[in-house]
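Since the structure comes first, as structure tokens, the remarks are kept for the end.
Chain letters run A, B, ... following the sequence lines, proteins first and then strands; every chain starts at 1.
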Protein chains: 2
Amino acid sequence: MPTRKKRVTIKDVAQAAGVSTQTVSRVMNNVSYVSGETRQRVENVVEELGYRPSTLARSLIQQRSYTLGIVTFGLKYIGPSRTLNGIADQADKLGYMLVMKELDNFDTAHINDVLGSLLARQVDGILWAAPEISDNHDWLEEHLSSIPVPILFIAMQPKQGVSSVSTDNFQGAVMATEHLLGIGRKKIAHISGPLTWWEALERKRGWRETMEKNGLDASERCCTEGNWSSASGENAFNQLLDAYPDLDSVFVANDQMALSVLREAHRRNIRVPEQLAVIGFDNLPESAYFYPSLTTISQDLQLLGEEAVQTIVQMIQARQNNEAVTAQPRFIQPTLVVRESA
Amino acid sequence: MPTRKKRVTIKDVAQAAGVSTQTVSRVMNNVSYVSGETRQRVENVVEELGYRPSTLARSLIQQRSYTLGIVTFGLKYIGPSRTLNGIADQADKLGYMLVMKELDNFDTAHINDVLGSLLARQVDGILWAAPEISDNHDWLEEHLSSIPVPILFIAMQPKQGVSSVSTDNFQGAVMATEHLLGIGRKKIAHISGPLTWWEALERKRGWRETMEKNGLDASERCCTEGNWSSASGENAFNQLLDAYPDLDSVFVANDQMALSVLREAHRRNIRVPEQLAVIGFDNLPESAYFYPSLTTISQDLQLLGEEAVQTIVQMIQARQNNEAVTAQPRFIQPTLVVRESA
DNA sequence: CTGATTTATGTTATCGATAACATGTTATCG
DNA sequence: CGATAACATGTTATCGATAACATAAATCAG
């Protein structure tokens, strides 16, 4: 039976070192005056007892928890978890802890609940990393002013007075489409993500506007809609082939769906890239090993997460100092990765 | 400029409702006697002011935080994040919050630090979801008894007196190998993960022991080692072909590396599965869409995470009630998913 | 040498909640 | 009808830390 140690508190240390708790506190935080001798004595006791100040108690008195609340969605997918990785990294560097909540639906009641439980934890700021789908951000935005801590959205439509950090999905789609144009393709189709998602809309818009700018067909027959999954990509591609049989290339809104396109093309003996150029979006670690390897738009989600943390911490500090915060949308630029498929 | 609301405390509510803070507390927690009229009045005020009890303060007095500490590693990969997803789900159901720490190296000092910061947050229990590599668990296990809260390891070598939940990697490898035997293959090669990882060792052991039991060759020339990445899979496969050119099938320790094998086989005009049967491990969402679709061992990481939370919560409650806890390793059985590649 | 500073430490109040205890009012029962 | 139990509410102590204030000794400046 292991010794069930009781938590060591500041009082234990104070008593063992023969000083007041305040002095222990001073030693721990390196503030104010403490004589070298006393400091040494206290430090020895701290070491010996394995004392760690309770962040709980500290947060309570200081009204500051050095904790960020993270609201995620779809963690089981690679995208959100790479963002989370960036967040975790940067939070660690800046001395913040993370309290995580996964959102599984977008009911107002549930959102309110999640928000409330984070606030009850006295988080210093909130990172909202759940995607913008239909109007699921509306309620939140309306209530922004009544949330007592700064909040920053990851991947949302830029909006006046709301802080956000997003990949520039539109620009990414433009780059993808222009790359296809650059290799001489004219009949460029598009398989989009679910059009309730802001990100899917942006990618589609990038494709459409680029096509139109070049006087090319971007009508509805040139595109179909998937739901990001490989399975849906297969369907979407088959539909597309029916509706637009003479396409010469396709911009697929994510790599998972693009994978299905490659596979289905192979099955139908459509040669990639000769007969059909394919370009994806996301740059999964596996995409370089698809057959043929996938040309794609790489979004740096790790960086996205890191920037998000930096920004929210700035917002927290600004508020602390009672400075005005100008809420601003920010964008991270994606990059084109050229491989065999286009 | 939004109104920068101050936090609403129990005192505010008490004052506004004209009762003592204790009565408010009673209403919030539904304990002891409160008259219907008073309850209603307090509830109205709570609603009106948007009061939420501070979990911080509550945790402090109750010596219980309803928070679990999670130590993760390699979040940017799909495996850990699916486990995390299961953890988040189940924690939510059982009313626990998560405080997350990502581990980026295995220095004793760093491990101690991470542990300490979780304990300072007064977590009620810890889930150690960082992989067992070489002897990186040793220090932890030695110090188990001095950690004042229960700790449960995810995916570690079963050990007397240590609680853990793991996928049965050995059994999964046995299933994979037996499946290949079942379709008449005899020259079964293996591409392992990095052999410093416990999971890689187990998978290799499953393959080796099954081969030996059937009197087949499982010598070192029949296997090579990768590092889980697709890139390493390509190298490992090429080496394997040099050392063991007449192999008829290969069990690859994860799907990412298996993807490279499929691709390289295609490039060399080796027909899969006719000339070379391939089986992977993990069952990535994309694996069904590889070409050909990949037969693999599916480990239910979501479930793993859920079981882990259930177990740690039981441990917490047992300790709360001063019951004895018998630390036990537990296993989750993987399943075989047969597709085209084998 | 004396008053102002600097140094060193202790005491009390506080953060926001609940536990433990106290007290008064209504029912209930023999 | 008086005693006991059930109901209803308030008061004080407490969790573990830091802030704010207080005090005393040592150092320093003129």
Side-chain angles (χ1 to χ4, degrees), chain A residues 5-43 45-46 49-67 116-117 119-124 148 320, chain B residues 5-43 45-46 49-67 116-117 119-124 148 320:
Chain A
K5 276 221 221 167
K6 277 207 62 168
R7 180 171 291 288
V8 179
T9 75
I10 198 171
K11 277 187 196 162
D12 303 326
V13 176
Q15 185 159 35
V19 296
S20 73
T21 61
Q22 189 58 227
T23 299
V24 177
S25 172
R26 285 183 186 115
V27 171
M28 296 304 289
N29 297 292
N30 264 315
V31 297
S32 180
Y33 309 107
V34 180
S35 73
E37 191 208 1
T38 308
R39 152 159 284 122
Q40 193 56 53
R41 190 150 36 93
V42 170
E43 277 170 353
V45 174
V46 165
L49 301 184
Y51 167 67
R52 280 233 168 215
S54 157
T55 24
L56 233 58
R58 177 182 285 164
S59 300
L60 190 58
I61 186 72
Q62 292 188 335
Q63 301 289 66
R64 178 110 195 250
S65 64
Y66 286 94
T67 301
S117 71
L119 293 176
R121 273 292 135 101
Q122 227 109 349
V123 296
D124 293 338
Q320 200 84 7
Chain B
K5 276 220 221 167
K6 277 207 63 165
R7 178 171 292 286
V8 179
T9 75
I10 198 170
K11 279 186 195 161
D12 303 326
V13 176
Q15 186 159 36
V19 296
S20 71
T21 60
Q22 189 58 226
T23 299
V24 177
S25 172
R26 284 182 187 117
V27 170
M28 297 305 289
N29 297 292
N30 265 312
V31 297
S32 179
Y33 309 109
V34 180
S35 73
E37 192 209 359
T38 307
R39 152 158 285 125
Q40 192 56 53
R41 188 148 39 93
V42 171
E43 276 171 353
V45 174
V46 165
L49 300 184
Y51 167 66
R52 280 237 170 211
S54 158
T55 24
L56 233 58
R58 177 182 287 163
S59 301
L60 190 58
I61 187 72
Q62 292 188 336
Q63 300 289 67
R64 178 112 194 250
S65 65
Y66 287 95
T67 301
S117 71
L119 293 175
R121 270 288 188 301
Q122 226 109 351
V123 296
D124 294 338
Q320 200 83 7

Does [X] put a side-chain nitrogen or oxygen below 4.0 Å from OP1 or OP2 of [N]?
| X | N | result |
| --- | --- | --- |
| A:S20 | C:dG10 | yes |
| A:Q122 | C:dG16 | no |
| A:Q62 | D:dA19 | yes |
| A:T23 | C:dG10 | yes |

Distance-only polar pair, side chains of B:R7 and B:S54, donor-acceptor under 3.5 Å: no

Compare every heavy atom of [Y] with every heavy atom of [X], then report the nearest pair and how far apart it is.
| X | Y | answer |
| --- | --- | --- |
| B:A120 | A:T55 | O-OG1, 2.5 Å |
| A:V34 | A:T38 | CG1-CB, 4.0 Å |
| B:L56 | A:S59 | CD2-CB, 3.4 Å |

Show every salt bridge (charged side-chain N to carboxylate O under 4.0 Å, His left out) that has at least one partner inside residues 21-39 of chain A, sequence neighbours left out. A:R39-A:E43

Quick check on DNA chain C: between A:Q22 and B:S54, whose nearest nucleotide comes earlier from the 5' end? A:Q22

What does the inter-axis angle of the helix from C:dC1-D:dG30 to C:dG30-D:dC1 come out as, five pairs per end, nearest 10 degrees? 40°

Nearest-Å distance for atom pair [atom1]/[atom2], residues [X] and [N]:
| X | N | atom1 | atom2 | value |
| --- | --- | --- | --- | --- |
| A:M28 | D:dA17 | CE | P | 9 Å |
| B:K11 | C:dA17 | NZ | P | 9 Å |
| A:I61 | D:dA20 | CD1 | C1' | 10 Å |
| B:Q63 | C:dT18 | CD | C1' | 12 Å |
| A:N29 | D:dA17 | CG | P | 11 Å |
| B:R121 | D:dA17 | CZ | C1' | 14 Å |
| B:Y66 | C:dA17 | OH | P | 17 Å |
| B:L60 | D:dG16 | CG | P | 7 Å |

Just so I know, are the side chains of A:V42 and A:V45 near enough to count as touching, which here means a heavy-atom distance under 4.5 Å? no

Do the non-hydrogen side-chain atoms of B:M28 and B:V13 ever get within less than 4.5 Å of each other? no

According to side-chain contact (heavy atoms from CB on, under 4.5 Å), who are the partners of [X], at least two apart in sequence or on a separate chain?
| X | value |
| --- | --- |
| B:S117 | A:M97, B:K101 |
| B:Q63 | B:Q122 |
| A:T21 | A:I10, A:K11, A:A14 |

For A:S65, enumerate each residue passing the side chain to side chain donor-acceptor pair (under 3.5 Å) test, keeping only those at least two apart in sequence or located in another chain. A:D124

A:Q62: which residues meet the side chain to side chain donor-acceptor pair (under 3.5 Å) condition with it, sequence neighbours left out? none

What string of B, S and - do you get for nucleotides 21-28 of chain C, 5' to 3', when a contact is any protein heavy atom under 4.0 Å? --------

Restricting to ring pair (Phe, Tyr, Trp, His ring centres under 6.0 Å), what partner residues turn up for A:Y51, sequence neighbours left out? none

Partners of A:R52 by salt bridge (charged side-chain N to carboxylate O under 4.0 Å, His left out), sequence neighbours excluded? B:D113

Atom CZ in A:R58, atom CG in A:N29: separation rounded to 0.5 Å? 5.0 Å

Nearest nucleotide by nearest heavy atom, which residue falls closer to the 5' end of DNA chain D, A:I10 or B:R41? B:R41

Regarding the side chain of B:S25, the nearest nucleotide among C:dT18, D:dA17, C:dG16 is C:dT18

Strand contacts (DNA chain D) in residues 31-39 of chain B, 4.0 angstrom heavy-atom criterion: B:S32, B:Y33, B:V34, B:S35, B:T38

Listing time: all N or O pairs from protein to nucleotides 24-26 of chain D that are below 3.5 Å?
none

Is B:V24 touching bases, backbone alone, or none of the nucleic acid, heavy atoms closer than 4.0 Å? nothing

What contact category does B:R52 fall into here, base, sugar-phosphate, or nothing, at under 4.0 angstrom with non-hydrogen atoms? sugar-phosphate

